[in-house]
Amino acid sequence: MMEVQEYDVVILGSGQGGKQLAWHLGRAGKKVAVVERRWVGGACPAVACLPSKNELWSARVANLVKNSAHFGTLTTGFRVDMGKVRERKQAMIEREIELHLAAYKASGAELIMGSGRFIDSKAIEIALNEGGTRIVKGNEVVINVGSHAAIPDVPGLIAARALTHIEALELEYAPSHLIVLGGGYVGIELGHAYRQFGSRVTIIEPGKQLVAREDADVAGELATILRDDGIEVLMGAQPVSVHGLSGDEVTVTVRMADGERRIEGSDLLVAVGRIANTSDIGLDKTGVDLTERGFVRVNDRLETTAPGIWAIGEAAGSPQFTHVSVDDFRIVRDNMAGGNRRTSERLVPYVMFIDPPLAHVGLSEAEASSRGIPVRVSKIPMTRVLRTLATDETKGFMKVLVSSDDDTILGFTMIGSEAGEVLAAVQIAMLAKLPYPVLRDAVISHLTIAEGLGPLLAGVPPRP
Ligand SMILES: Cc1cc2nc3c(=O)[nH]c(=O)nc-3n(C[C@H](O)[C@H](O)[C@H](O)COP(=O)(O)OP(=O)(O)OC[C@H]3O[C@@H](n4cnc5c(N)ncnc54)[C@H](O)[C@@H]3O)c2cc1C
Ligand SMILES: NC(=O)c1ccc[n+]([C@@H]2O[C@H](COP(=O)([O-])OP(=O)(O)OC[C@H]3O[C@@H](n4cnc5c(N)ncnc54)[C@H](O)[C@@H]3O)[C@@H](O)[C@H]2O)c1
């Protein structure tokens, strides 16, 4: 019988919240093990947020150079070196790995590289990457195994060896024509980046709008921006078959309201959502239940249905953002220590990093309406923000929702230059429960984008 090594806490998956918890508990003197099969710091710094934003930044530079004559800088032709783009991204990932290893070492938490699977309620057998097996058991266990890209059941898609975000971030060429399945976060961010690198891009979205959770005016503005930049956006387009091979020649047939259409391209990216990595980790041995969609069932303290087992991040069905997984860590940390923090009490912002970005926090108009919450709405185009006169970054708008009952800010959405930074200012006002006239009348530096909050909030209609 193999030795079972006992720990105070075992964390399965070095995800965004789990690693923070490991470092915290390790520093506090607990005996902690983290089991990670592939990426030292989880998906975000290896194959998701950081590498994608790194390449998106390179794409923005390419776009600025392409348009530099407009700003008075003349170049004698330019070309994008995708090998160099990938190399810069890879160097950042290597630095991240070193930083993560140093953080593990400094905290005293043990990182075990291997694939983990429950064999008992709190015991995990690890197939070690270096060969061999270990069994670790935690007094408490945390599941932080994340998710992977879903591959829809479309005939010919598997044979076409389509890219997911992982392979798309490794390309050493800009595809001549990239076809993207999915008009969500990954498809739009990477599709837009490759357009800026010079690819022809077609985005195929079965829904009636892009980014389903946003208001129709937001999704419409986004589609306009993508189309103005030369991206073909097909909505209400259901992929029915795929032929050929991504990286060579690939054809996607879609069914649309007016019949079938064939799109011929060179490369195919699949970005249709995520599936939790929960199917093969032995949860049947634990008493941990899953939801119908395969996420670990948790309460809003992030406790699973098995005592002493917690779940964090995407595997727990939390909103699919790194900052949410990190907040899950804070909730589990405090609840493990006897506190009572809840996921239902938090305000979750998010930013889609296209150029210009889309940022949102709080209620949308559609949510307010479906929940019967009366709101006052103000919206201004980015052309009303004085800074855009200087930068020519005039695309997009700002929109704010204020309660009709009092002066509370309930929601904010912006597509426009620096949207993510302006978002944080509004989010802080919301957290502080600042009545909107206080922010409206704040002295905000001229000539910043945030200055636009003045005219935006001045446009809030009076209380009915
Ligand atoms: C292309 C892309 C770009 C993104 N950009 C952003 C962004 O800009 N901002 C943002 O907030 N979010 C972004 N996200 C989302 C963000 O990456 C995720 O929400 C975040 O990484 C989720 O973290 P997590 O804690 O759930 O786990 P993850 O970071 O997914 O980590 C889970 C870890 O568990 C490991 N694991 C799984 N099963 C096992 C097992 N059986 N044994 C051992 N280890 C296992 C995996 O290898 C992985 O390392 C992006 C996602 C993608 C795909
Ligand atoms: N900037 C960020 O914070 C960032 C960036 C990337 C990803 N993410 C996170 O990762 C999550 C996953 O991203 P994603 O883009 O994979 O999913 P998504 O849920 O954002 O979008 C998936 C899209 O694919 C469409 N779709 C579904 N089935 C399809 C099919 N058969 N063919 C074509 N399209 C289909 C859906 O209608 C939807 O619009 C995001 O929701 C987000 O939470 C965040």
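Keep in mind it's a predicted model, so treat the numbers as computed, not measured. One-based numbering, in listed order, for ligands and for the atoms of each.
- The nearest heavy-atom contact from the protein to atom 10 (C) of ligand 1 is Thr322 N, 3.5 Å.
- Side-chain atoms of Gln196 and Arg60 include no donor-acceptor pair closer than 3.5 Å.
- Of the protein's non-hydrogen atoms, Gly273 N, 3.0 Å is the one closest to atom 16 (O) of ligand 2.
- If you check the side chains of Tyr173 and Asp267, you find a donor sitting under 3.5 Å from an acceptor.
- Of all the heavy atoms of Ser52, the ones lying under 4.0 Å from any atom of ligand 1 belong exclusively to the side chain.
- Residue-level proximity to ligand 2 for Val351 is carried by the backbone, the only part with a heavy atom below 4.0 angstrom.
- Of all the heavy atoms of Arg274, the ones lying under 4.0 Å from any atom of ligand 2 belong exclusively to the side chain.
- From the protein, the heavy atom lying nearest to atom 5 (C) of ligand 2 is Glu189 OE1, 3.3 Å.
- Using modelled atom types, one finds no donor on one side chain facing an acceptor on the other under 3.5 Å when comparing His192 with Asp355.
- For atom 13 (C) of ligand 1, the choice among Ala149, Cys49, Gly13, Gly146 with the nearest heavy atom turns out to be Cys49.
- Ring centroid separation for the pair Trp39 and His100 does not come in under the 6.0 Å cut-off.
- If you check which protein heavy atom lies closest to atom 39 (O) of ligand 2, you get Glu205 OE1, 2.6 Å.
- To the nearest 0.5 angstrom, Leu283 atom CG is 9.0 Å from Arg117 atom CZ.
- For the pair Gly207 and ligand 2, no heavy-atom separation below 4.0 Å is found.
- Atom NZ of Lys89 sits in a crowded spot, with more than 12 heavy atoms from other residues, nucleotides or ligands closer than 6.0 Å.
- Distance check, rounded to the nearest 0.5 Å: NE2 of His243 to CG of Leu245 gives 13.0 Å.
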Can you list the steps and then say if Asp300 with Thr343 is a side-chain hydrogen bond (donor to acceptor under 3.5 Å, both in side chains)? CA-CA 5 Å; Asp300 69 351; Thr343 53; 4.8 Å; no

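- Protein heavy atom nearest atom 9 (C) of ligand 2, with residue, atom name and distance: Gln320 O, 3.1 Å.
- Taking every heavy atom of Ile204 and a limit of under 4.0 angstrom, the matching atoms of ligand 2 come to 33 (C), 34 (N).
- Atom numbering of ligand 1 starts at 1 in the shown order; those under 4.0 Å from a heavy atom of Lys53 are 3 (C), 4 (C), 5 (N), 6 (C), 7 (C), 8 (O).
- Residue Ala271 approaches ligand 2 through these ligand atoms, each under 4.0 Å from one of its heavy atoms: 15 (O), 16 (O), 22 (C), 23 (C), 24 (O).
- Of all the listed residues (Val272, Val211, Ile354, Leu358), Val272 holds the heavy atom that lies closest to atom 35 (C) of ligand 2.
- Inspection of the Glu314 and Ser147 side chains reveals an N or O donor paired with an N or O acceptor under 3.5 Å.
- When the heavy-atom distances from atom 25 (O) of ligand 1 to Pro349, Pro51, Ser325 are ranked, the shortest goes to Ser325.
- Using a cut-off of 4.0 Å between Lys/Arg side-chain N and Asp/Glu carboxylate O, Glu365 and Lys399 are scored as salt-bridged.
- Cation-pi geometry between Arg213 and Tyr350 is met: the NZ or CZ atom falls under 6.0 Å from the ring centre, inside 45° of the normal.
- In the displayed structure, Leu128 atom CG is contacted under 6.0 Å by more than 12 heavy atoms of other residues, nucleotides or ligands.
- Using a 4.0 angstrom heavy-atom cutoff, Arg117 does not count as in contact with ligand 1.
- In terms of protein heavy-atom proximity, atom 31 (N) of ligand 2 is closest to Pro152 CB, 3.5 Å.
- Near Val35, meaning under 4.0 Å from any of its heavy atoms, are these atoms of ligand 1: 43 (C), 44 (N).
- Distances from atom 39 (C) of ligand 1 to the heavy atoms of Arg37, Gln320, Arg274 put Arg37 nearest.
- Using modelled atom types, one finds no donor on one side chain facing an acceptor on the other under 3.5 Å when comparing Ser325 with Gln16.
- Closest to atom 6 (C) of ligand 2, if we only count protein heavy atoms, is Tyr185 CB, 3.5 Å.
- Taking 4.0 Å as the cut-off, Gly18 does not count as a neighbour of ligand 1 on heavy-atom distance.
- Close approach to Gly15 involves these atoms of ligand 1, each under 4.0 Å from a residue heavy atom: 25 (O), 27 (O), 28 (P), 29 (O), 31 (O), 32 (C).
- If you number the atoms of ligand 1 from 1 as listed, the ones under 4.0 Å from a heavy atom of His165 come out as 1 (C), 53 (C).
- Interface atoms of ligand 2 facing Phe353, defined by a heavy-atom separation under 4.0 Å, are 1 (N).
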Assess the residue pair Ile231 and Thr202 against the criterion (side-chain contact (heavy atoms from CB on, under 4.5 Å)); give the C-alpha distance rounded to whole Å, side-chain angles, the decisive distance to 0.1 Å, and a yes or no. CA-CA 6 Å; Ile231 295 179; Thr202 302; over 6 Å; no

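- Applying the 4.0 Å criterion to heavy atoms of Ile281 picks out, from ligand 1, the atoms 41 (N).
- Every atom of ligand 1 with a heavy atom of Asn144 under 4.0 Å away is listed here by number and element: 24 (P), 25 (O), 26 (O), 27 (O), 32 (C), 33 (C), 34 (O).
- In this structure, Arg134 pairs ionically with Glu110, as a charged nitrogen and a carboxylate oxygen lie closer than 4.0 Å.
- Atoms of ligand 1 found under 4.0 Å from any heavy atom of Gly313, numbered from 1 in the order shown, are 26 (O).
- Two rings, from Tyr185 and Phe321, have their centers less than 6.0 Å apart.
- Of the protein's non-hydrogen atoms, Gln16 NE2, 2.7 Å is the one closest to atom 29 (O) of ligand 1.
- The Ser115 neighbourhood of ligand 1 comprises atoms 42 (N), with distances under 4.0 Å to a heavy atom of that residue.
- Nearest protein heavy-atom neighbour of atom 50 (C) of ligand 1: Ala48 CB, 3.9 Å.
- Residue contacts with ligand 1 for Tyr350 are absent, since no atom lies close enough (heavy atoms, distance under 4.0 Å).
- Here the protein heavy atom with the shortest distance to atom 41 (O) of ligand 2 is Arg213 NH2, 3.3 Å.
- Of all protein heavy atoms, the one closest to atom 34 (N) of ligand 2 is Pro206 CD, 3.0 Å.
- Ligand 2 is never approached by His165 to a heavy-atom distance shorter than 4.0 Å.
- For the residue pair Glu140/Tyr7, the side-chain donor-acceptor check at 3.5 Å is not satisfied.
- At least one heavy atom of Pro239 sits less than 4.0 Å from an atom of ligand 2.
- Cation-pi contact between Arg333 and Phe329: present, with separation from the ring centre below 6.0 Å and deviation from the ring axis of at most 45°.
- Contacts with ligand 2 closer than 4.0 Å are made by side-chain heavy atoms of Lys53 only, the backbone lying farther away.
- Ligand 2 has no atom lying under 4.0 Å from any heavy atom of Tyr350.
- Between Arg95 and Glu98 there is no salt bridge, since no side-chain nitrogen of the basic residue lies less than 4.0 Å from a carboxylate oxygen of the acidic one.
- Checked by atom type, the side-chain pair Asn129/Arg37 shows no donor-acceptor distance below 3.5 Å.
- For the pair Lys379 and Phe397, the distance from NZ or CZ to the six-membered ring centre is under 6.0 Å and the angle to the ring normal is within 45 degrees.
- Neither the backbone nor the side chain of Gln209 has any atom closer than 4.0 Å to an atom of ligand 2 (non-hydrogen atoms only).
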